[in-house]
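All values derive from a computational prediction rather than experimental measurement.
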Amino acid sequence: DWSSDVCSSDLSWRHAEDGTHGHTHMEHRDKRAKAGPVLYPMDEPLLRKCDALMKNLAKKSQAVHFLRPVDWKKMGLVDYPKLIKHPMDVGTVSERLGKNHYARLEDFANETRLIWKNAFIFNAPDSLYFKAAKSLSDAFEKAMEKMEAEAEAVSALQVDTMERCNILLADIQANPLAEWFLDPVDHVALGLTDYTQVITQPMDLSTVMKKLDENAYTNVAGVKCDLDLVWQNCITFNTRDSWVGKHAVTLRDFTAKKFAQAKLTDDQLLSSETGTPRKGLGGPVKGVVPKPSALLLPQANRAQVATGE
């Protein structure tokens, strides 16, 4: 009876909803969805592709754990609603696709990513369910990359470099895995006594967005440098193989993919609508490994149970 392996709620890490960040993934997404140009709107061809993708995922053997909502009461998983604030499953996403629930491709992608994220939160990295979620996540991201490339080729968004960077950063923040990277680390509250010794240059996504809003970057390289620093900080402080280090690696790859799809090169200037170059701090035009710092939190005790039936 694998459900007997469920851990208690005595966790050594802080979830975003208990005050570490003060925001939830859904709150961030909803605030941005109301304004600005729409990248990859969910038209009929995209809708059909998304539907086919979910059907293909559902046929995979690993998907059996994620097809339906978790019946946590029946399974006696009393900690489940404490840890999983936004439950999601393959069936629900497919049903919402059929009801035209998603305004754009990224909205669909992020609700699907929520399935895997919930599994990552609730299960140990060496568990069957964590590994199943990772396999499905990898397959999903590969399919998404192809779909986004096709959408970009058909109707590339005609905006200036600054606006495209804003859209790109909003999409990174909306990724469910970005929850632990949204705001500065409160190392005092978290009891991370060695944080400032290891971290000489902290960085987080809200700080990058603030600098972008304040015209603090001259070129695209400056934005990329700070984003790289967010992921590298986490890997340095927690190791690449830690649960959060794995998420940092995933988001680093996700970020690189987004910049490539947008055809944003390091030397592109961030310009206003009138074409006047922004004044601020740029970054190196050629790739540079950021100075190591760190991000995040101690390793949690993980429950050995799937996020789906």
Side-chain angles (χ1 to χ4, degrees), residues 1-18 20 24-25 54 56-94 109-144 175-181 231 234-235 237-254 295-309:
D1 182 4
W2 49 261
S3 64
S4 64
D5 291 330
V6 177
C7 297
S8 72
S9 59
D10 181 19
L11 300 180
S12 59
W13 62 295
R14 298 292 189 89
H15 190 271
E17 298 234 328
D18 72 3
T20 300
T24 67
H25 156 66
M54 296 309 291
N56 287 335
L57 283 179
K59 293 177 182 177
K60 294 183 179 292
S61 60
Q62 301 96 325
V64 67
H65 310 296
F66 310 102
L67 295 178
R68 293 172 290 278
V70 176
D71 190 347
W72 60 269
K73 291 183 180 179
K74 180 180 179 180
M75 299 168 72
L77 308 179
V78 295
D79 284 343
Y80 193 83
K82 298 177 184 178
L83 301 178
I84 306 303
K85 302 301 182 181
H86 302 291
M88 191 52 58
D89 62 277
V90 172
T92 298
V93 173
S94 296
N110 283 332
E111 282 216 327
T112 306
R113 289 169 181 140
L114 197 54
I115 304 170
W116 326 133
K117 177 200 172 183
N118 290 344
F120 297 149
I121 289 176
F122 206 71
N123 300 278
D126 60 350
S127 69
L128 166 68
Y129 312 106
F130 190 106
K131 292 178 180 178
K134 184 64 170 67
S135 176
L136 292 169
S137 174
D138 289 345
F140 178 77
E141 292 301 332
K142 184 176 181 180
M144 278 296 300
N175 188 309
L177 292 181
E179 175 184 342
W180 299 283
F181 307 90
W231 320 133
C234 177
I235 293 168
F237 194 70
N238 300 280
T239 77
R240 183 187 180 95
D241 293 328
S242 65
W243 67 272
V244 72
K246 292 177 185 293
H247 296 336
V249 171
T250 297
L251 286 168
R252 184 174 63 187
D253 294 343
F254 177 81
L295 186 69
L296 218 61
L297 320 170
Q299 169 74 331
N301 295 321
R302 294 290 188 224
Q304 300 288 326
V305 64
T307 61
E309 186 174 340

Asp138: partners by salt bridge (Lys or Arg N to Asp or Glu O under 4.0 Å), with sequence neighbours left out: Lys134
CG-OH distance between Asp71 and Tyr80, expressed to the nearest 0.5 angstrom: 11.0 Å
With sequence neighbours excluded, residues passing side chain to side chain contact (heavy atoms under 4.5 Å, CB included) with Lys60: Leu57, Gln62, Leu136, Ala139
Minimum heavy-atom distance between Pro176 and Asn110, given as atom pair plus value: CG-O, 3.2 Å
Pairing residues for Ser94 by the side chain to side chain contact (heavy atoms under 4.5 Å, CB included) criterion, not counting sequence neighbours: Met54, Val90
Derivation of the side-chain contact (heavy atoms from CB on, under 4.5 Å) call for Leu177 and Phe254: CA-CA 11 Å; Leu177 292 181; Phe254 177 81; over 6 Å; no
Nearest-0.5 Å distance that lies between atom NE2 in His86 and atom NZ in Lys117: 7.0 Å
Spacing of Ile121 atom CD1 and Trp180 atom CH2 [to the nearest 0.5 Å]: 4.0 Å
Asp89 versus Ile115, closest heavy-atom pair with distance: C-CD1, 3.4 Å
Spacing of CZ belonging to Arg113 relative to CE belonging to Met144, to within rounding of 0.5 Å: 5.5 Å
Minimum heavy-atom distance between Ala132 and His65, given as atom pair plus value: CB-CD2, 4.0 Å
Considering all heavy atoms, the nearest Ala124-Phe130 contact: O-CB, 3.1 Å
Between CH2 on residue Trp116 and CG on residue Leu114, distance to nearest 0.5 Å: 10.5 Å
Residues which pass side chain to side chain donor-acceptor pair (under 3.5 Å) with Lys246, listed by chain and number, not counting sequence neighbours: none
Separation between CZ of Arg252 and CZ of Arg240, rounded to the nearest 0.5 Å: 5.5 Å
Charged tip of Lys82 within 45° of Trp72 ring normal and under 6.0 Å: no
Val244 vs Phe181, side-chain contact (heavy atoms from CB on, under 4.5 Å): CA-CA, chis, key distance, verdict: CA-CA 10 Å; Val244 72; Phe181 307 90; 4.0 Å; yes
Shortest non-hydrogen contact between Leu67 and Ala63, atoms and distance: CG-O, 3.2 Å
Beyond-backbone contact of Glu141 with Asp253, side-chain heavy atoms, under 4.5 angstrom: no
Contacts of type side chain to side chain donor-acceptor pair (under 3.5 Å), residue Asn56, not counting sequence neighbours: none
